[in-house]
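One structure is given here, and the rest of the page talks about it.
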Amino acid sequence: HLSPRCSTLLLPQKSKTKSMKTITEAKLKLSANKKLSDLLFILWAGGAALLSYSLVYALRKPFTAATFDGLEAFGLDYKVLVTIIQILGYLIAKFIGIKLISELKRENRLKFILVSIAVAELSLVAFGLLPAPYNMFAMFFNGLSLGCMWGVIFSFIEGRRTTDILASLLGISIVISSGTAKSIGLFVMNTLNVSEFWMPALIGAFALPLLALLGYSLTRLPQPTEQDIEQKSHRVTLNGRQRKELFIDFMPFLILLFVANLMLVVLRDIKEDFLVKIIDMSGHSSWMFAQVDTVVTLIILALFGAMVFVRSNIKVLVVLLGLVVMGTATMSFVSFNYDSLQLDAITWLFVQSLCLYVAYLCFQSIFFDRFIACFKIKGNVGFFIVTIDFIGYTGTVLVLMFKEFAHTEINWLEFYNLLSGYVGLICTVAFTCSMIYLIQRYKKEKLLKKEREAGLSGGICLLYTSPSPRDVEESR
């Protein structure tokens with residue numbers, strides 16, 4: 001039998017041309033079908049992930065729209081205490097998540113989501129039912145139940161060719177949902193006349209069934225294909241010994257990232273929880289936060305989504321770190337020069353949000369997915385993200401306590417600008433050093449790989465060229 005290629009060569013010129021045309025058309029059709037399939041998958045997976053975490057925010061963040069003016073508990077500001085208590089629950093969840101998310105199997109993800117959101121809503125109902133200030137303790141369980149949701153949702157979309165754009169869509173949910181949650185909270189209180197204590201439970205009641213439905217939708221996503229695994233490597237669970245070995249292997253790099261991200265998480269959390277105290281809202285629409293965050297979201301989506309067109313993992317990592325360094329440096333400059341720049345509230349908020357979220361979301365979305373693929377690490381993204389969050393939220397609690405106990409006379413705007421300036425400065429140095437380490441480590445591993453391949457090919461050559469004992473004997 002002749003192969004199709006040989007048969008084509010034996011055909012007359014007209015038939016040969018027609019055959020080649022048919023093959024070309026088939027390839028173009030196949031390519032078009034693949035692009036359509038990828039687009040539909042992005043809409044399904046990316047849309048479900050984005051909406052899912054947006055609804056997590058609806059269960060967790062609406063209370064930040066309330067100021068609780070005049071309320072104190074145990075001699076401290078009531079809102080600060082509510083925030084600290086919720087973050088303590090969130091912090092403990094992150095600590096548990098280092099093990100839980102690293103080892104969570106695909107078939108158990110939906111059960112985890114359903115239990116988590118049910119406990120979160122019940123805690124919000126308890127927050128409305130119980131008298132203040134004792135209702136603040138209900139927020140501990142709200143934070144505890146939702147602390148691992150990001151890692152669980154991300155585990156559905158990691159390790160795919162389209163993960164860059166999927167993770168970008170998931171990442172922007174943090175940006176857009178933060179402002180939207182505050183705006184909805186203000187709308188419910190100001191327009192619907194719902195009290196500060198019942199407003200979170202009302203919003204959560206609408207979010208819960210939708211989030212359960214989206215969680216089911218995520219479980220129906222197909223497994224990564226062979227092409228996905230080839231490009232992004234296979235993702236596996238990690239036990240305690242494997243987590244320790246992974247950390248030791250990249251210890252200098254990871255320490256730099258963890259320290260810098262600790263500061264970014266602290267700054268982001270203070271901005272989100274106390275923005276209504278940092279910025280004077282008089283004269284501005286209650287939807288201002290959502291409008292600013294929408295513009296920031298579109299910019300970040302364009303930046304991170306464009307990475308899907310870059311196949312080289314190391315190039316993407318370097319570009320991302322370059323964007324982060326520019327962002328943190330700009331954030332520091334704007335914060336330290338706030339008085340001289342004389343920026344209006346909306347411009348200041350836009351610059352701060354863009355710089356902060358480019359840096360923060362880089363590591364919450366696509367960075368570690370590319371990092372695993374670049375160095376062929378056996379593991380999953382959830383381990384890195386949950387560890388960063390655990391360290392970060394520990395810092396948030398400490399900063400809030402320091403602010404309350406040591407410097408109660410400092411106003412929130414001055415406090416935030418001072419913190420933002422120093423965080424930007426330290427992060428610029430840390431991420432620059434991280435970039436240098438990453439490039440050197442990649443070059444070193446590439447060189448070792450070449451040496452191993454050269455050694456292997458040399459061994460094969462010796463195997464074929466070395467004379468056998470019989471050949472030696474015959475030559476004698």
Side-chain angles (χ1 to χ4, degrees), residues 50-68 78-91 93-94 116-117 119-128 135-136 138-150 153 170-190 194 196-208 210-211 265-279 281 286-294 296-297 349 353 356-357 360-361 364 389 392-393 396-397 400:
L50 187 155
L51 291 173
S52 293
Y53 204 70
S54 298
L55 292 167
V56 171
Y57 258 68
L59 282 164
R60 179 178 161 228
K61 286 292 185 180
F63 88 93
T64 61
T67 56
F68 303 107
Y78 176 80
K79 182 169 182 179
V80 172
L81 282 175
V82 171
T83 303
I84 289 174
I85 287 169
Q86 190 197 44
I87 291 175
L88 279 173
Y90 209 67
L91 177 65
K94 294 293 182 185
S116 295
I117 61 178
V119 173
E121 177 59 15
L122 287 173
S123 68
L124 294 179
V125 172
F127 183 70
N135 60 349
M136 69 173 70
M139 297 305 288
F140 172 83
F141 297 98
N142 181 270
L144 183 68
S145 60
L146 298 175
C148 293
M149 287 294 287
W150 176 270
I153 293 171
L170 176 58
I172 64 172
S173 69
I174 293 179
V175 187
I176 198 167
S177 302
S178 175
T180 304
K182 292 180 186 66
S183 295
I184 293 173
L186 289 169
F187 174 79
V188 170
M189 289 187 295
N190 298 337
V194 178
E196 294 174 311
F197 300 107
W198 276 106
M199 171 267 292
L202 178 63
I203 296 172
F206 283 95
L208 189 146
L210 295 173
L211 184 50
V265 173
V266 169
L267 190 64
R268 182 200 69 110
D269 221 52
I270 289 174
K271 174 184 171 291
E272 284 191 356
D273 292 345
F274 296 96
L275 193 55
V276 292
K277 290 192 173 188
I278 295 170
I279 291 179
M281 283 296 294
S286 61
W287 296 97
M288 182 189 75
F289 299 131
Q291 291 166 357
V292 171
D293 286 348
T294 300
V296 170
T297 295
L349 178 59
S353 297
L356 176 58
Y357 282 119
Y360 175 74
L361 289 178
Q364 290 286 327
D389 279 348
Y393 283 106
T396 301
V397 172
L400 286 175

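Here the straight-line distance linking atom OG1 of T67 with atom CE of M189 works out to 7.0 Å at 0.5 Å rounding. Residue I117 holds its CD1 atom at 4.5 Å from CG of L211, rounded to the nearest 0.5 Å. We find the CG-CG distance between L361 and L356 to be 8.5 Å, quoted to the nearest 0.5 Å.
Looking at every heavy atom in both residues, R60 comes nearest to Q86 through O-NE2, 3.0 Å. The two residues I278 and I270 have their closest heavy-atom pair at CD1-O, 4.3 Å. Here the shortest heavy-atom pairing between S52 and I153 reads CB-CD1, 3.8 Å. Here the closest non-hydrogen pair linking P200 and P62 is CA-CB, 4.3 Å. The two atoms that bring V82 and M139 nearest to each other are CG1-CG, 3.8 Å, heavy atoms only.
F68 and F127 have perpendicular rings, their planes meeting at more than 60° on a 0 to 90° scale where under 30° would count as parallel.
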Q: Could you give me the CA-CA distance, side-chain angles and deciding distance for K271 and S353, then say whether side-chain contact (heavy atoms from CB on, under 4.5 Å) is met?
A: CA-CA 9 Å; K271 174 184 171 291; S353 297; 3.2 Å; yes
**Q.** Criterion side-chain contact (heavy atoms from CB on, under 4.5 Å) on I184 and M199, from CA distance to verdict
**A.** CA-CA 9 Å; I184 293 173; M199 171 267 292; over 6 Å; no
(Q) Quick one, T83 with F63, criterion side-chain contact (heavy atoms from CB on, under 4.5 Å). Give me CA distance, side-chain angles, the key distance, then yes/no. (A) CA-CA 9 Å; T83 303; F63 88 93; 3.8 Å; yes
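Here the side chain of E121 pairs no donor or acceptor atom with the backbone of A207 at under 3.5 angstrom. Side-chain atoms of K61 do not come within 3.5 Å of backbone N or O of K182 as any donor-acceptor pair. Proximity of a side-chain donor or acceptor of S116 to a complementary backbone N or O of S145 within less than 3.5 Å is detected. Listed for the N142 side chain is no donor-acceptor partner under 3.5 Å among the backbone atoms of L124.
Scored by the ring-ring contact (aromatic ring centres under 6.0 Å, His included) test, F141 finds no partners at all (sequence neighbours excluded). For S173, the side chain to side chain contact (heavy atoms under 4.5 Å, CB included) partners at least two apart in sequence or on another chain are L50, Y53, S54, W150, L170, S177.
Here the side chains of V266 and Y393 are not in contact, with every heavy-atom distance at 4.5 Å or above. Counting heavy atoms from C-beta outward, Q364 and D389 have side chains that approach closer than 4.5 Å.
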